[in-house]
Amino acid sequence: MDSIPLDYQTLRLLWWLLLGILLIGFAVMDGFDLGVATLLPAVARTDAQRRVVLNVVGPVWEGNQVWLILGGGAIFAAWPLLYAVSFSGFYLAMFLILLALILRPVGFKFRSKVADPRWRAVWDWSLFFSGVVPALVFGVAMGNVLLGAPFHFDQDLRPIYTGGFWALLSPFAVLCGLVSVAMLVMHGAGMLAMKTEGDIAIRARRYGSWAALATAVLFVLAGIWLATGIQGYSIVMAADPAGPSNPLLKQAIRAPGAWMANYQAMPWTWLFPLLGVAGALACAWLLRTGRAGLAFAGSTVAISAIILTEGFATFPFLLPSRSDPASSLTVWDGSSSHLTLFIMLIAVCIFLPLILAYTSWVYRVLRGKVTDAGLQDNHNAY
């Protein structure tokens, strides 16, 4: 291991940062797809308008979903214990997300195969389901990270999950789910306002501005609840940050207000919750005043800041354990080996810039408004 230029502790920290970047990439890129699908019944009143809305995201949703695959792959390879606990313990929630995401390509491909309005209505509501359900479930999952998940490890480091699906839907977790839905609707509305015109753009600006205000209000309410009514987690006896990945080598406790400790120790981190609120409020104002491009930038800032707010609140925890705080997974005891993290970091340095370059090229090619007249001339449109 002496030949590896980065020490184990640094690599673990870098992969925590990369996991945050991938989560933000997914929320920003695939998030507006989910938001557009959620807005479909509200902003599109005719079949022609619904086709315009679908073709805003139809050409790009597959590429955007790469960020979800990257995030899942990063968790699997870099944080295997986190993958084992979350993907098995939250199995029904993951299956619900998978069902919704499967309906999306099926809806895009099948909707226009038959001209019957009833046929198309079924797929339109399926696409709505494919947007709102993942947005809600992802938010609920982030809420349960703050609350702690009901799992523990035995002496052989086998994860034992002791909860159920309905236990995930606590009031605080549902509030976090509503924050997620509101912010992705805000983001999707910004994209629609940029890419469409006429009645669709007007409705998108109206609904998006309300969603942006809801994002700011719900985010503040969740923050107050977290600071005053939710027990956080703190480490009372830390394991070696460069030591083996064994969560049972440390001691952790639950304590009121513990999630605010990092903000007290590093006051500069308050920038992120402030940007979360400011970005959402700016998005609402910019949508109302018709500056769609800037509104989309504001929603991007808000989403990124909201995710970073939770990331800095919980650091170094990745997934706290409500059943046994000592079993909580942290940045320092849930990772793959030193060599694995280094090899994967090299792969990321090679392929992530390629993904970003290709994505930028695609969006440059697809720039401009989506209109009904343009769809009539495009035989490949949905």
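Note that these values count all heavy atoms, side chains included, but never hydrogens, waters or copies made by symmetry.
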- [ ] Report whether Y83 and L19 are members of the same hydrophobic cluster (ILVMFWY, side-chain heavy atoms less than 4.5 Å apart, transitive linking).
- [x] yes
Task: Point-to-point distance, once rounded to the nearest 0.5 Å, from CE of M260 to OG1 of T269 - done: 8.5 Å
- [ ] Return each pair, listed once, that meets side chain to side chain donor-acceptor pair (under 3.5 Å) where at least one residue sits in residues 147-167; pairs must be two or more places apart or across chains.
- [x] D154-R158, T162-S323
Task: Pairwise distance CG(L14) to CD1(I21) - rounded to 0.5 angstrom - done: 9.5 Å
Task: Residue pair P105 / W61, side-chain heavy-atom distance below 4.5 Å - done: yes
Open item on the list: For P134 versus L101, what's the shortest heavy-atom pair and its separation?
Closed with: CG-CD2, 4.2 Å
Open item on the list: Does F76 have more than 12 heavy atoms from other residues, nucleotides or ligands lying within 6.0 Å of its CZ?
Closed with: no
- [ ] Please report the C-alpha distance between I224 and V220 in whole Å, then the side-chain angles of each, then the deciding distance to 0.1 Å, and finally whether the side chain to side chain contact (heavy atoms under 4.5 Å, CB included) criterion is met.
- [x] CA-CA 6 Å; I224 294 172; V220 170; 3.9 Å; yes
Open item on the list: Run the side chain to side chain contact (heavy atoms under 4.5 Å, CB included) test on S335 and W16 for me, step by step, so that the C-alpha distance in whole Å, both residues' side-chain angles and the decisive distance to 0.1 Å come before the verdict.
Closed with: CA-CA 10 Å; S335 73; W16 175 77; over 6 Å; no
Task: Side-chain touch V179/L221, heavy atoms, less than 4.5 angstrom - done: no
Task: Heavy-atom check, side chain of L70 versus side chain of I355, under 4.5 Å - done: yes
- [ ] Determine the minimum heavy-atom distance between L319 and A149, stating which atoms define it.
- [x] CD1-CB, 4.1 Å
- [ ] Would you kindly confirm whether I303 and V66 end up in one hydrophobic cluster when ILVMFWY residues are joined by side chain heavy atoms under 4.5 Å apart?
- [x] yes
TODO: Taking only Lys NZ, Arg NE, NH1 and NH2, and the carboxylate oxygens of Asp or Glu, determine whether D333 and K250 approach each other closer than 4.0 Å.
DONE: yes
Task: Donor-acceptor contact present, side-chain S234 to main-chain A258, <3.5 Å - done: no
TODO: Consider only side-chain N and O atoms of R12 and S245, and report whether a donor and an acceptor are under 3.5 Å apart.
DONE: yes
- [ ] Indicate the atoms forming the closest heavy-atom contact of A305 with G276, along with that distance.
- [x] CB-N, 3.4 Å
Open item on the list: To check you understand the geometry: which heavy-atom pair defines the closest contact between I235 and P316, and what is its length?
Closed with: CD1-CG, 3.9 Å
Open item on the list: Test side chain to side chain donor-acceptor pair (under 3.5 Å) on T10 and D7; report intermediate values, then the result.
Closed with: CA-CA 5 Å; T10 301; D7 61 71; 3.0 Å; yes
Open item on the list: Looking at R45, is its backbone amide N or carbonyl O close enough to the side chain of Q49 to form a donor-acceptor pair, meaning the two atoms are under 3.5 Å apart?
Closed with: yes
Open item on the list: Ring centroids only, cut at 6.0 angstrom: are F108 and F110 within range, meaning strictly under it?
Closed with: no
Open item on the list: Do L287 and I202 sit in one hydrophobic cluster, given that two such residues count as connected whenever their side-chain heavy atoms are within less than 4.5 Å of each other, even indirectly?
Closed with: no
- [ ] Find the distance between CG (L356) and CZ (F351) and round it off to the nearest 0.5 Å.
- [x] 13.5 Å
- [ ] Could you grab the distance from atom SG of C176 to atom CE of M142, nearest 0.5 Å is fine?
- [x] 9.0 Å
- [ ] State whether the side chain of D30 and the backbone N or O of F26 hold a donor-acceptor pair below 3.5 Å, judged by distance alone.
- [x] no
Task: Contacts of type side chain to side chain contact (heavy atoms under 4.5 Å, CB included), residue T300, not counting sequence neighbours - done: V28, H187, F296, S304
- [ ] Give a yes or no on whether the backbone of L23 and the side-chain of W67 come within a donor-acceptor separation of less than 3.5 Å.
- [x] no
TODO: Step by step, work out the side chain to side chain contact (heavy atoms under 4.5 Å, CB included) result for D324 and F151.
DONE: CA-CA 7 Å; D324 174 26; F151 75 94; over 6 Å; no
TODO: To the nearest 0.5 Å, tell me how far L275 CG sits from T309 OG1.
DONE: 8.5 Å
Task: Any side-chain donor near an acceptor of the partner, Y207 and R203, under 3.5 Å - done: no
Open item on the list: Is the shortest side-chain heavy-atom distance between L345 and L18 below 4.5 Å?
Closed with: yes
Open item on the list: Testing V133, I97, L184 one by one against F138 for a side chain to side chain contact (heavy atoms under 4.5 Å, CB included), which residue passes?
Closed with: I97
Task: Heavy-atom donor-acceptor pair, S180 side chain to A135 backbone, under 3.5 Å - done: yes
Open item on the list: Can you give me the closest heavy-atom contact between N262 and T314, atom names plus distance?
Closed with: ND2-C, 4.5 Å
TODO: Apply side chain to side chain contact (heavy atoms under 4.5 Å, CB included) to the pair Y358 and L354, showing each step before the final yes or no.
DONE: CA-CA 6 Å; Y358 177 73; L354 294 176; over 6 Å; no
- [ ] Report the hydrophobic cluster partners of I253, with the cluster defined as I, L, V, M, F, W, Y residues connected by side-chain heavy atoms closer than 4.5 angstrom, directly or transitively.
- [x] V236
TODO: Verify the cluster assignment for L339 and V331: are they in a single hydrophobic cluster under the rule of side-chain heavy atoms below 4.5 Å apart?
DONE: yes
TODO: Verify, without hydrogens or angle tests, whether K369 (side chain) and E197 (backbone) share a donor-acceptor contact under 3.5 angstrom.
DONE: no
Open item on the list: Once rounded to the nearest 0.5 Å, what's the spacing between atom OG1 of T289 and atom CZ of R205?
Closed with: 9.0 Å
TODO: Evaluate the criterion side chain to side chain donor-acceptor pair (under 3.5 Å) for residue pair R254 and S328; output intermediate values, then yes/no.
DONE: CA-CA 11 Å; R254 298 179 69 190; S328 300; over 6 Å; no
Open item on the list: Quick one, L147 and F172 - any side-chain contact, counting heavy atoms below 4.5 Å?
Closed with: yes
Task: Under 3.5 Å: donor-acceptor pair, side chain of T340, backbone of S336 - done: no
Task: Within-4.5 Å side-chain heavy-atom neighbours: F315 and T330 - done: no
Open item on the list: In the structure I gave you, are the side-chain heavy atoms of W332 and D240 within less than 4.5 Å of one another anywhere?
Closed with: no
Task: Residue pairs involving residues 259-279 (criterion ring-ring contact (aromatic ring centres under 6.0 Å, His included); sequence neighbours excluded) - done: Y233-W259, W259-F317, Y263-W270, W268-F312, F272-F312
Task: Pairs involving residues 119-145, ordered by first then second residue, that meet side chain to side chain donor-acceptor pair (under 3.5 Å) (sequence neighbours left out) - done: D47-R120, R50-D124, R111-D124
Open item on the list: Taking atom CZ as the centre, does F87 end up with more than 12 heavy-atom neighbours from other residues, nucleotides or ligands that are less than 6.0 angstrom away?
Closed with: yes
TODO: Enumerate the residue pairs fulfilling side chain to side chain donor-acceptor pair (under 3.5 Å) with a member in residues 208-232, sequence neighbours excluded, ordered by first and then second residue.
DONE: S209-R288
TODO: Check whether any side-chain heavy atom of M344 sits under 4.5 Å from a side-chain heavy atom of W15, and report yes or no.
DONE: yes
Open item on the list: With side chain to side chain contact (heavy atoms under 4.5 Å, CB included) as the test, pick out the partner of V53 among L39, V43, T196.
Closed with: V43
- [ ] Find out if a path of hydrophobic residues (ILVMFWY) with successive side-chain heavy-atom gaps under 4.5 Å connects L271 to L308.
- [x] no
